[in-house]
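Report on one structure; see the data block that follows.
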Amino acid sequence: DKKQAFEEFKPFLDKGISYASVNYRLTPQNPLPAPVHDAARAIQFIRSKATEWNIDKSRIALTGGSAGACTSMWLLLHDDLAEPKSADPIARESTRVTAAAAYAGQVSIDPKVIEGWLGPNVLKHRMINKAMGEDTIEGALKNYDKYRARYIEFSPYNHVDKGDPPLFM
């Protein structure tokens, strides 16, 4: 978050590691895919400025906690969202990154999947229903079929394959 103290990141900057803080639209006012696509667009924007900002665009890694961790993992594991034929030069840039470090992140946002993994108390976590724009988990479950494709698409573990870059959790 842009509100974090600069001093936290100064050691990285002193070693030549650039740092960019990305905020994105929040749920439930902006349900998926908005927040994740905002983060993807930020990666593309950073890559579009690589020469100007002296950034090696082949070495971009992500980190985040909670929803930021879920987003970081999803972007790391998901196929590239670049649109090579787009008229928008930013959209032509890759969204693939070289690594991610996630903490307290959701590897699935599918309530039926994670309840089986972790038990019914996991459904008390607001991220599940908020990601779909629902005020309550009851609403998210009642409309499960409506959201099922998004639960699948935006659960990072559904995108894992042997060619993925390293993920530290």
CG-CD distance between Asn121 and Glu115, expressed to the nearest 0.5 angstrom: 9.5 Å
Show me, pair by pair, the donor-acceptor contacts under 3.5 angstrom made by side chains of residues 79-86, not counting sequence neighbours?
| from | atom 1 | to | atom 2 | distance (Å) |
| --- | --- | --- | --- | --- |
| Asp80 | OD1 | Ala82 | N | 3.0 |
| Asp80 | OD1 | Ser94 | OG | 3.4 |
| Asp80 | OD1 | Thr95 | N | 2.8 |
| Asp80 | OD1 | Thr95 | OG1 | 3.1 |
| Asp80 | OD2 | Ser94 | OG | 2.8 |
| Ser86 | OG | Asp88 | N | 3.0 |

Distance under 6.0 Å and angle within 45° of the ring axis: does Lys112 meet both against Tyr144? yes
With heavy-atom distances below 4.5 Å as the criterion, would you say the side chains of Ile60 and Arg47 are in contact? yes
Got a donor-acceptor contact below 3.5 angstrom from the Ser155 side chain to the Ile109 backbone? yes
Side-chain touch Pro31/Arg150, heavy atoms, less than 4.5 angstrom: yes
Minimum heavy-atom separation for Pro156 to Leu77, with atom names? O-CD1, 3.5 Å
Got a sec, which residues hit ring-ring contact (aromatic ring centres under 6.0 Å, His included) with His78, two or more places apart in sequence or on another chain? Trp74, His159
Within one Ile-Leu-Val-Met-Phe-Trp-Tyr cluster: Met127 and Leu26, side-chain cutoff 4.5 Å: no
Among all residues two or more places apart in sequence or in another chain, which pass the ring-ring contact (aromatic ring centres under 6.0 Å, His included) test with Tyr147? none
Asp110 side chain vs Ile152 backbone, donor-acceptor pair below 3.5 Å: no
Do you know the tightest heavy-atom contact between Ser18 and Ile55? OG-CG1, 4.1 Å
The criterion is side chain to side chain donor-acceptor pair (under 3.5 Å); which residues satisfy it with Ser48, sequence neighbours excluded? none
How about Phe9 and Tyr19: are their ring centres within less than 6.0 Å of each other? yes
Apply side-chain contact (heavy atoms from CB on, under 4.5 Å) to Asp56 and list each qualifying residue two or more places apart in sequence or on a separate chain. Ser58, Arg59
ring-ring contact (aromatic ring centres under 6.0 Å, His included) with Tyr24: which residues, sequence neighbours excluded? none
For Arg96 and Leu76, which heavy atoms make the closest approach, and how far apart are they? NH1-O, 2.7 Å
Flag the pair Ile114 / Ile128 as yes when at least one side-chain heavy-atom distance between them is below 4.5 Å, and no otherwise. yes
Those residues at least two apart in sequence (or on a different chain) that pass ring-ring contact (aromatic ring centres under 6.0 Å, His included) with Phe45 are Trp53
Flag side-chain contact, heavy atom, 4.5 Å: Asn143 against Met132: no
Write down the atom of Pro35, the atom of Asn30, and the distance for their closest heavy-atom approach. CD-O, 3.3 Å
Applying side chain to side chain donor-acceptor pair (under 3.5 Å) to Arg126 and not counting sequence neighbours gives none
Residue pairs fulfilling side-chain hydrogen bond (donor to acceptor under 3.5 Å, both in side chains) with at least one residue in residues 160-169, sequence neighbours excluded: none
Nearest heavy-atom contact between Gln44 and Ile90 is CB-O, 3.3 Å
Linking I/L/V/M/F/W/Y whenever their side-chain heavy atoms sit closer than 4.5 Å, directly or via other members, would Val160 and Val36 fall into one cluster? yes
Transitive ILVMFWY side-chain link Val97 to Phe12, under 4.5 Å: no
Who pairs with Lys142 by salt bridge (charged side-chain N to carboxylate O under 4.0 Å, His left out), at least two apart in sequence or on another chain? none
Which residues pass the side chain to side chain donor-acceptor pair (under 3.5 Å) test with Asn54, not counting sequence neighbours? none
Sidechain-backbone polar pair: Asn129 side chain, Asp135 backbone, donor-acceptor under 3.5 Å: yes
Once rounded to the nearest 0.5 Å, what's the spacing between atom CG of Leu167 and atom CG of Leu62? 10.5 Å
Can you name the closest pair of heavy atoms from Ala87 and Pro89 and give their distance? O-CD, 3.3 Å
Contact list for residues 98-134, test ring pair (Phe, Tyr, Trp, His ring centres under 6.0 Å), sequence neighbours left out: Trp117-Tyr157
